[in-house]
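Everything below concerns the one structure shown next.
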Amino acid sequence: MSMVEFLPWLALPAAFALDSLLGDPRWLPHPIRWMGWAIQRAEPLFRRWIVNERLAGGLFACTLILGCWALAALVVHLAYEAHSLAGCAVEAILLFYCFSARSLQQAAMEIHTSLRQGLVDTARAQVAMIVGRDVNRYQADDIARATVETVAENAVDGVISPLFFAALGGAPLALAYKMVNTLDSMVGYKNPRYLLFGRVAARIDDLANVVPARLSVVLISVASLLVPNASSRRAWSTGWNEGKNHASPNAGYPEAAFAGALGVQLNGPNYYHGELVTKPYIGVGLDNVTLGHIPQACRLMRCAVVLAFLLAWQSSFILRPLILPF
């Protein structure tokens with residue numbers, strides 16, 4: 001294989017390296033914000049055009065997902081048609097926007113710093129930016145637990161799932177997944193406004209994460225071997241035995257694997273939009289989360305996503321030629 005032929009396979013490692021180095025600079029234009037803008041603009045149009053809420057929401061979600069994939073595929077294809085190096089650069093940049101390992105770690109460690117300095121109010125405001133629950137009643141231990149849970153769940157949503165779809169279909173499919181994920185975060189609620197309209201978007205997100213979430217148990221269990229004081233055997237057993245004990249069909253698996261690896265209890269009852277939602281605990285009988293578990297969770301997450309990257313990159317050598325024409 002010549003260097004020119006090898007260039008498409010360099011896009012993924014280049015993107016992963018960029019995320020590790022840069023994270024998510026606030027000054028940089030981000031396609032996820034554009035996706036959010038498109039969702040906000042498209043929702044009232046589909047509600048106006050189609051009376052049936054479930055049908056309107058389904059067409060709304062499918063149009064945005066397929067449109068995102070088609071636009072990304074066109075851009076990447078044209079770039080490769082111009083030159084293999086241009087194609088590699090464009091695809092690497094688009095993939096870079098799909099990963100959030102560094103920004104996830106930064107957010108968690110900022111909360112850790114605030115808690116270590118005794119700035120509970122600051123930490124509470126920081127954790128409110130990365131979770132979807134009510135945190136007004138949270139004290140230091142609650143904030144630490146929410147932070148570890150977020151690191152665990154977003155290891156899948158923010159890195160492992162995009163890597164999975166990048167291996168299957170390059171940047172276009174990874175960006176389509178990010179549209180799925182963004183739709184779920186914006187309209188996938190079980191409240192009166194979105195119960196019917198957002199149902200299809202929520203189901204698509206559930207389906208998209210079925211394999212990555214369960215694959216994460218394997219990755220986290222192996223990564224636990226590389227993290228001091230983490231238990232690989234307990235990560236494996238808790239991940240498979242308690243991963244289903246969650247309102248989400250997928251989020252419980254990485255959370256349970258993290259709970260087992262770190263030896264902590266996660267999840268449990270929480271307030272959402274002022275209402276108490278009773279959820280089962282994960283990691284039953286294990287210790288409560290403490291401040292020191294936040295950096296340990298970050299190390300575990302980074303090890304797991306590096307393993308996910310290596311697996312995705314190796315898989316892309318087999319899968320990419322079968323799926324992508326460029």
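Using a 4.5 Å cut-off on side-chain heavy atoms (C-beta onward), Asp142 and Arg137 make no contact. The closest side-chain heavy-atom distance from Glu110 to Met129 is not below 4.5 Å. The side-chain heavy atoms of Met186 and Met35, taken from C-beta on, include no pair separated by under 4.5 Å. Residues Asn270 and Tyr138 have side chains in contact (heavy-atom distance under 4.5 Å, counting atoms from C-beta outward). The shortest distance between side-chain heavy atoms of Leu59 and Ile50 falls below 4.5 Å. When side chains are defined from C-beta on, Leu12 counts as touching Phe309, because their heavy atoms get closer than 4.5 Å. Counting heavy atoms from C-beta on, the side chains of Arg234 and Leu286 come closer than 4.5 Å. Trp313 places a side-chain heavy atom less than 4.5 Å from the side chain of Pro13.
Around the CZ atom of Arg47, the shell of radius 6.0 Å holds more than 12 heavy atoms that belong to other residues, nucleotides or ligands. Annotation: Asn229, atom CG; neighbour count of heavy atoms from other residues, nucleotides and ligands within 6.0 Å does not exceed 12. The number of heavy-atom neighbours closer than 6.0 Å to NZ of Lys190, taken from other residues, nucleotides and ligands shown, is 12 or below. Counting heavy atoms of neighbouring residues, nucleotides and ligands inside a 6.0 Å radius, atom CZ of Arg33 exceeds 12 of them.
Between the side chain of Thr278 and the main chain of Pro269, no donor-acceptor pair closer than 3.5 Å is present. The main-chain N or O of Thr182 is found under 3.5 Å from a side-chain atom of Ser185 such that the two form a donor-acceptor pair. Put simply, the side chain of Asn191 gets close to the backbone of Arg193: a donor and an acceptor are under 3.5 Å apart. Between the side chain of Asp24 and the backbone N or O of Ser100 there is no donor-acceptor pair closer than 3.5 Å. Judged by distance alone, with hydrogens and angles left aside, the side-chain atoms of Asn154 form no donor-acceptor pair with the main-chain N or O of Asp157 at under 3.5 Å.
Gly283 approaches Glu242 most closely through the heavy-atom pair N-OE1, 2.6 Å. When all heavy atoms of Trp69 and Leu173 are compared, the pair lying nearest together is CD1-N, 3.8 Å. Between Asn52 and Leu55, the shortest heavy-atom distance links the atoms OD1-N, 2.9 Å. Heavy atoms only, all atoms of each residue included: Asn288 and His293 are closest at O-CE1, 3.8 Å. The heavy-atom pair separating Gly188 from Ala202 by the smallest distance is CA-CB, 4.2 Å. For the residue pair Arg124 and Asp121, the shortest heavy atom distance occurs at NH1-OD1, 2.7 Å.
Contacts of Arg199 classified as side chain to side chain donor-acceptor pair (under 3.5 Å), with partners at least two apart in sequence or in another chain: none. The side chain to side chain donor-acceptor pair (under 3.5 Å) test applied to Gln265 returns no partner, not counting sequence neighbours.
The CE atom of Met179 sits 10.5 Å away from the CG atom of Leu66 when rounded to the nearest 0.5 Å. Taken from CG in Leu262 to CG in Asp287, the straight-line distance is 11.0 Å, to the nearest 0.5 Å. The CG atom of Leu10 lies 9.5 Å from the CG atom of Leu85; values are rounded to the nearest 0.5 Å. Here Leu183 contributes atom CG and Phe60 contributes atom CZ; the two are 5.0 Å apart, rounded to the nearest 0.5 Å. Between atom CG of residue Asp19 and atom SG of residue Cys98 there is a gap of 10.0 Å, rounded to the nearest 0.5 Å. To the nearest 0.5 Å, the span separating CG on Leu163 from CG on Leu310 amounts to 9.5 Å.
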Determine whether Lys178 and Phe165 satisfy the following criterion, side chain to side chain contact (heavy atoms under 4.5 Å, CB included), listing intermediate values before the conclusion. CA-CA 10 Å; Lys178 296 304 291 185; Phe165 287 102; over 6 Å; no
I would like to know whether Trp236 and Val218 meet side chain to side chain contact (heavy atoms under 4.5 Å, CB included); could you show each step before the answer? CA-CA 7 Å; Trp236 179 268; Val218 180; 3.8 Å; yes
CA sep, side-chain torsions, deciding dist, call: Val222, Ser232, side chain to side chain contact (heavy atoms under 4.5 Å, CB included): CA-CA 6 Å; Val222 176; Ser232 177; 6.0 Å; no
Using the rule given for side chain to side chain contact (heavy atoms under 4.5 Å, CB included), can you reason through Asp206 versus Val210, listing the C-alpha separation, both sets of side-chain angles and the distance that settles it, and then say yes or no? CA-CA 6 Å; Asp206 289 342; Val210 166; 5.7 Å; no
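Linking ILVMFWY residues whenever their side-chain heavy atoms come closer than 4.5 Å, directly or via other members, leaves Val151 and Tyr281 in distinct clusters. Note: the hydrophobic cluster containing Ile39 does not contain Leu196 (ILVMFWY, side chain heavy atoms under 4.5 Å, direct or indirect links). Note on Leu226: it does not cluster hydrophobically with Ile294, by side-chain heavy-atom contacts below 4.5 Å among ILVMFWY residues. Clustering ILVMFWY residues whenever any of their side-chain heavy atoms sit less than 4.5 angstrom apart, transitively, puts Val200 in the very cluster that holds Val187. Note on Leu291 and Ile111: same hydrophobic cluster, where clusters join Ile, Leu, Val, Met, Phe, Trp and Tyr whose side-chain heavy atoms are under 4.5 Å apart, directly or indirectly.
Ring pair Phe99/Phe16 is perpendicular by interplanar angle, where above 60° counts as perpendicular and below 30° as parallel.
Listed by first and then second residue, the side-chain hydrogen bond (donor to acceptor under 3.5 Å, both in side chains) pairs involving residues 247-263 are Arg214-Asn250 (not counting sequence neighbours).
If you run side-chain contact (heavy atoms from CB on, under 4.5 Å) between Ile220 and each of Val227, Leu215, Leu300, Val156, only Leu300 comes through.
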